[in-house]
**Student:** 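Mind having a look at this structure? Questions to follow.
Since this is a predicted model, take the numbers as computed values, not measurements. Per chain, numbering begins at 1; letters A, B, ... match sequence-line order.
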Amino acid sequence: MPGSAELVEVLAGPVLDAAPRLLGAVLRYADVAVRLTEVEAYDGPGDPGSHAARGRTPRNAVMFGPPGRLYVYFTYGMHHCVNVVCGPEGTASAVLFRAGEVVDGHESARARRPAARRDRDLARGPGRLCQALALDRGQDGTDLADGPVTLTLLAEPVDTQAISRGPRVGLRHAAQRPWRFWLTGDASVSSYRPASRSGVDGSRAPR
DNA sequence: GCTCCGATTATCT
DNA sequence: GATAATCGGAGCG
């Protein structure tokens with residue numbers, strides 16, 4: 001399968017190149033599939049906003065391993081978020097999957113996301129995306145090349161004209177780095193507030 | 001559409 | 001002991 005060789009190549013490259021390239025890709029786990037519409041890059045231990053910023057811990061160990069593995073963590077006492085590790089082994093970079101559009105398995109996704117009013121809300125936000133796909137710490141460390149979770153790139157990258165970028169969401173540190181990428185105008189892109197109540201905004205996705 | 005606020009617990013200091 | 005790469009509901013427009 002030539003597609004998966006290309007995926008390996010993309011994920012092994014610089015995280016700021018990989019992130020926009022993953023827009024439009026389809027993430028599948030069992031019967032539910034999500035087309036990614038919003039991602040965020042976390043660029044190694046030198047990125048103050050990254051979980052890797054304060055070195056390796058049991059939780060973030062996967063980030064320090066080879067690219068192509070899922071880093072799934074639990075936060076706010078109730079939510080999971082999923083990333084894919086990028087860059088050469090030891091780089092500790094990753095792309096967070098922030099939102100997507102459910103393209104298969106709507107029934108399962110709906111059953112797991114009863115609060116979703118519309119289909120566009122099923123995977124609109126990193127916690128929601130994990131819930132729709134039923135991803136949790138059990139998938140931490142899963143290799144996309146050899147596991148139950150798959151990621152399929154688009155044959156052709158999305159036109160850069162169709163991609164927007166802006167500040168990251170929900171971080172205390174270095175949120176202002178414009179490392180969030182999304183498909184301009186897509187209904188499933190999250191539109192959440194920044195972490196700081198008083199801080200500069202500009203992170204809203206265009207509607 | 002928007003803003004505010006509480007929930008709930010693994011993880012790290 | 002404090003924090004967190006969030007979410008959903010309430011109240012307002």
Side-chain angles (χ1 to χ4, degrees), chain A residues 15-16 18-19 22-23 27 34 36-64 69-87 91-100 102 109-141 165-182 185 187-207:
Chain A
V15 68
L16 291 175
L22 296 180
L23 292 173
L27 183 68
V34 167
L36 300 177
T37 58
E38 180 186 0
V39 300
E40 257 173 20
Y42 288 85
D43 193 12
D47 175 1
S50 173
H51 286 177
R54 280 173 293 196
R56 181 176 177 143
T57 68
R59 176 174 73 158
N60 67 20
V62 171
M63 290 186 82
F64 290 81
R69 291 182 182 171
L70 297 182
Y71 166 47
V72 187
Y73 67 90
F74 183 71
T75 190
Y76 288 101
M78 59 188 98
H79 300 299
H80 293 274
C81 294
V82 61
N83 303 246
V84 62
V85 177
C86 291
T91 307
S93 294
V95 173
L96 169 69
F97 300 151
R98 282 200 57 87
V102 173
R110 274 218 156 273
R112 295 166 184 155
R113 294 264 310 114
R117 294 190 167 227
R118 336 178 77 176
D119 278 358
R120 71 171 61 114
D121 297 322
L122 287 172
R124 189 183 189 212
R128 293 162 167 186
L129 183 147
C130 279
Q131 201 177 347
L133 285 162
L135 294 173
D136 58 29
R137 286 288 280 167
Q139 281 71 51
D140 186 51
R165 62 185 292 179
R168 294 181 291 186
V169 175
L171 286 69
R172 300 198 352 165
H173 303 292
Q176 71 283 359
R177 298 184 188 192
W179 294 347
R180 179 165 74 112
F181 301 85
W182 66 92
S188 67
V189 171
S190 69
S191 59
Y192 298 136
R193 48 274 182 191
S196 157
R197 266 177 258 174
S198 56
V200 184
D201 190 1
S203 63
R204 285 288 186 302
R207 284 277 62 94

**Student:** Nearest whole Å is fine: how far is B:dT9 P from A:Tyr73 OH?
**Tutor:** 18 Å
**Student:** Which of the following nucleotides, C:dG8, B:dC12, C:dA5, is nearest to the side chain of A:Tyr42?
**Tutor:** C:dA5
**Student:** Can you check the A:Arg113 CZ to C:dT6 P distance for me, whole Å?
**Tutor:** 14 Å
**Student:** Atom CG of A:Asp121 and atom P of C:dC7: how far apart are they, to the nearest Å?
**Tutor:** 11 Å
**Student:** Expressed in angstrom and rounded to an integer, what is the separation of A:Glu38 atom CD from C:dT6 atom P?
**Tutor:** 10 Å
**Student:** Among B:dT11, C:dA4, C:dT6, which nucleotide has an atom closest to any side-chain atom of A:Arg172?
**Tutor:** C:dA4
**Student:** Any base atoms under 4.0 Å from A:Arg117, or only sugar-phosphate, or nothing? Heavy atoms, all strands.
**Tutor:** nothing
**Student:** Determine yes or no for a side-chain-to-main-chain donor-acceptor pair under 3.5 angstrom, with A:Asn83 supplying the side chain and A:Ala94 the backbone.
**Tutor:** no
**Student:** Is the ring pair A:Phe74/A:His80 parallel, tilted or perpendicular, if the boundaries are 30 and 60 degrees?
**Tutor:** tilted
**Student:** How many Å lie between CE on A:Met78 and P on C:dG9, as a whole number?
**Tutor:** 12 Å
**Student:** What's the closest nucleotide to the side chain of A:Arg54 if the choices are C:dT6, B:dT11, B:dT13?
**Tutor:** B:dT13
**Student:** Is the phosphate of C:dG8 approached by A:Arg128 (side-chain N or O, under 4.0 Å from OP1 or OP2)?
**Tutor:** yes
**Student:** Please give, in whole Å, the distance from C:dC7 C1' to A:Arg98 CZ?
**Tutor:** 12 Å
**Student:** Whole-Å distance between C:dA4 P and A:His80 NE2?
**Tutor:** 19 Å
**Student:** Side chains of A:Val84 and A:Leu22, heavy atoms from C-beta outward: is any pair under 4.5 Å?
**Tutor:** yes
**Student:** Both distances below 3.5 Å, Watson-Crick or wobble geometry, any strand: find the nucleotide opposite C:dG11.
**Tutor:** B:dC2
**Student:** May I ask you to evaluate whether A:His51 reaches the phosphate of C:dA5, defined as a side-chain N or O under 4.0 Å from OP1 or OP2?
**Tutor:** yes
**Student:** Tell me, do A:Asp140 and A:Tyr71 make a side-chain contact under 4.5 Å, heavy atoms counted?
**Tutor:** yes
**Student:** Of the listed nucleotides (B:dT11, C:dA5, C:dC7), which one gets closest to any side-chain atom of A:Arg137?
**Tutor:** B:dT11
**Student:** Indicate, with a heavy-atom threshold strictly under 4.0 Å, whether A:Phe74 touches base, sugar-phosphate, or nothing.
**Tutor:** sugar-phosphate
**Student:** Starting at CG of A:Asn60 and ending at C1' of C:dA5, how long is that distance when rounded to a whole Å?
**Tutor:** 13 Å
**Student:** May I ask you to say whether A:Arg124 pairs ionically with A:Asp121, meaning some side-chain N is under 4.0 Å from a carboxylate O?
**Tutor:** yes
**Student:** Any donor-acceptor pair under 3.5 Å joining the side chain of A:Tyr76 to the base of B:dA7?
**Tutor:** no
**Student:** Provide the Watson-Crick or G-U wobble partner of B:dA7, both distances under 3.5 Å; none if there is no partner.
**Tutor:** C:dT6
**Student:** Considering only side-chain heavy atoms of A:His79, which listed nucleotide, C:dA4, B:dC12, C:dC7, is closest?
**Tutor:** C:dC7
